Amino acid sequence: MTNLAVTLLALGACTAQGPVHTDIAYDGRFGDSTTMDIHLPSAARANGPAIMLIHGGAWEYGDKEAYTEAAERFARAGYVAATINYRLIPARYPAPIQDCLCALAFLRANADRYGIDPGRVAVTGYSAGGHLAALVATSYDHPAHQPDCRWGAEQGPLDPPAAAIPADAIYDFTASANPWIVELIGASYAADPEPYHSISPIEHVRPGLPPFLVVHGHDDVVAVEGASALVDSLRAMDNAVSFLHIDGAGHVLSPTTATDGAYLQTATEMPEAWAATLDFLALTVGAP
Amino acid sequence: MMRALITTALVCAAASPAIAERKALHDAVSLELMTLQPTALMVELDHDLRARKLSLAGAVGVRSAALGDYSSWTYGAGIELRRWRRQAMRGWYAGARLELSAARTIAEMDDRGLGTMWTTATSVSVGYRLVFIQAVELTPSVGMSAVVERGPMSPATVRGAGVVGLTAGVTF
């Protein structure tokens, strides 16, 4: 009965949202492809924790609005949440990872304006966005990935994000062919293997990386073994990592309640995933 | 989910109007196939209200989904009022459903509870119940749901999502 009352109240409270700054250009050279929406908590504060959300879509589809509901949820929980666009296919690697690192540099450079502590910015993403989130956290200082945007140039060598939460992604492109990655790189592995190594987060694992929470649907068409391999690699190098894989969750279908069918949603929308994500953020970037 | 789709195809192929007599059906007990796992089970009883082609379905479920460095238990209950198009308990229906679930997640690495996430979902759906061999039922459905969740670190939030269902069971 209490929760039924909460439902009704929440339907009214859902309009009590913090301010949202939309279509902020973090790199003015590429139009809408390099913009972000920044969702702020309803209670303004300084030096707060933040999270950058990177949408999925096989590096060819999707946009920042795919993460609007999640960003609003993080903002309600007290985090500054920035959901970003980045250059998609037909753009070529390393454009997407450069854009993600440029966006991170933008948030840090403009931390005062948005009430962010630049040392407390986490990054998350789903599917292709999860790959990019993991790549941001493992290859932030790779020479080929350095953004040539204004914020990247001003900042100098980039710092890693404070934490990373990649979800339902591929982390190693050297082991098997992925047609979208071939399109993104513009050459096959046989013709040019080097980019396949530098675009694979697992190839950049070393000691001293930020903490990771790796999330994966156990029934995802993207095999969970890839996530397990990343987790094992991070642990072998003494990095802090937690692994949540969820039984019954696929790439686009997963349960939410205990009594209904499958919801058209990502595994990260499940209650178990939100509980683990918010706990992980409180432990890494700090509770708001 | 692939198993559920294959099951549907086989059952549809096996179903025959010549076999299924159009007898009155009053109750159905079903399992939800879309989320059926060794770690998840939902059982539903659908009861003909014998008025205005209405039936009332009640469901209870349990799920233990989190793996790796986490564990979880989710318990829930739901009710759905169904309005059947031609004959109660078979064929097309439209339904309105209300569910309540509680998901408790534990961080196993340091044996720490993360609290309980409460989920309330209200949904509308359409479905079609196939009845064959006089007693076996298969009911696919699609719908839209408004989900409200709140937890220890998560204020109440509302979101929408599509829902796909597939139950299988017996009628009597």
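Here is the naming used below: chain letters follow the sequence lines, and residue numbers restart at 1 for every chain. This one's a predicted model, so the numbers in the text were calculated from it and none came from an experiment.
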Exercise: identify the closest heavy-atom pair between [X] and [Y]:
| X | Y | value |
| --- | --- | --- |
| A/A77 | B/M153 | CB-O, 3.7 Å |
| B/A161 | A/Y263 | CB-CD2, 3.6 Å |
| A/P271 | B/E149 | CG-OE2, 3.2 Å |
| A/G261 | B/M34 | CA-CB, 4.4 Å |
| B/S154 | A/L278 | CB-CD1, 3.5 Å |
| B/Y70 | A/F243 | CD1-O, 3.6 Å |

Got a second to check how far [X]'s [atom1] is from [Y]'s [atom2], nearest 0.5 Å?
| X | Y | atom1 | atom2 | value |
| --- | --- | --- | --- | --- |
| A/D260 | B/R97 | CG | CZ | 4.5 Å |
| A/T256 | B/R159 | OG1 | CZ | 4.5 Å |
| A/T259 | B/E80 | OG1 | CD | 10.0 Å |
| A/F280 | B/D69 | CZ | CG | 11.0 Å |
| B/R150 | A/R76 | CZ | CZ | 14.0 Å |
| A/D279 | B/I106 | CG | CD1 | 12.0 Å |

Under 4.5 Å from any heavy atom of chain B - which part of [X]:
| X | value |
| --- | --- |
| A/Q265 | side chain |
| A/A273 | neither |
| A/E72 | neither |
| A/V241 | backbone |
| A/H218 | side chain |

Revision key, fill the gap. From the list B/S64, B/G151, B/A77, B/A40, the residue making the most non-hydrogen contacts under 4.5 Å with chain A is B/A77
Practice item. For chain A, find which of B/G143, B/G61, B/G68, B/G162 contributes the most heavy-atom pairs closer than 4.5 angstrom. Key: B/G162
Review point. Are A/T257 and B/M42 side-chain neighbours, meaning at least one heavy-atom pair lies under 4.5 Å?
Key: no
**Study point:** Within-4.5 Å side-chain heavy-atom neighbours: A/L283 and B/R112
**Key:** yes
Revision key, fill the gap. Under 4.5 Å to a heavy atom of chain A? For B/S125 that would be neither
Check your understanding: Which answer fits B/V164, side chain, backbone, both or neither, if we ask what part of it has an atom under 4.5 Å from a heavy atom of chain A?
Key -> both
Point to revise | Winner by heavy-atom pair count (cut-off under 4.5 Å) against chain B, out of A/S228, A/G248, A/A287, A/G250 | key: A/G248
